[in-house]
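Reading through the structure tokens given below for one structure.
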Amino acid sequence: MEGSWQKKHPLPEWMSKPMKQSYFSDFGVSTTATLVIADRQGVVRLYHKGLMTLEELEAAVVPLL
């Protein structure tokens, strides 16, 4: 969340940046867009790298509600 990209495109001050090195190993996420959806028991039901449309996201989330 820090570096040359952040300097060119700063995030708003009110936006939290809860990035920790352990997230890379714990969840397998990188600094690219990665979405991880877990169900109520904590089981990962979706691991998606890259962008998703609203329709794709809704299709993944609604069955878990």
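Numbers here simply count residues along the sequence, with the first being 1.
Pairs of residues two or more places apart, or lying in two chains, that qualify as salt bridge (Lys or Arg N to Asp or Glu O under 4.0 Å) and include a residue from residues 33-43 are Asp39-Arg45.
The side-chain hydrogen bond (donor to acceptor under 3.5 Å, both in side chains) check on Glu56 picks up Thr53, with sequence neighbours excluded. Residues satisfying the side-chain contact (heavy atoms from CB on, under 4.5 Å) test with Ala60, not counting sequence neighbours, are Ile37, Leu46.
Other residues, nucleotides and ligands contribute more than 12 heavy atoms inside 6.0 Å of the CG atom of Leu54.
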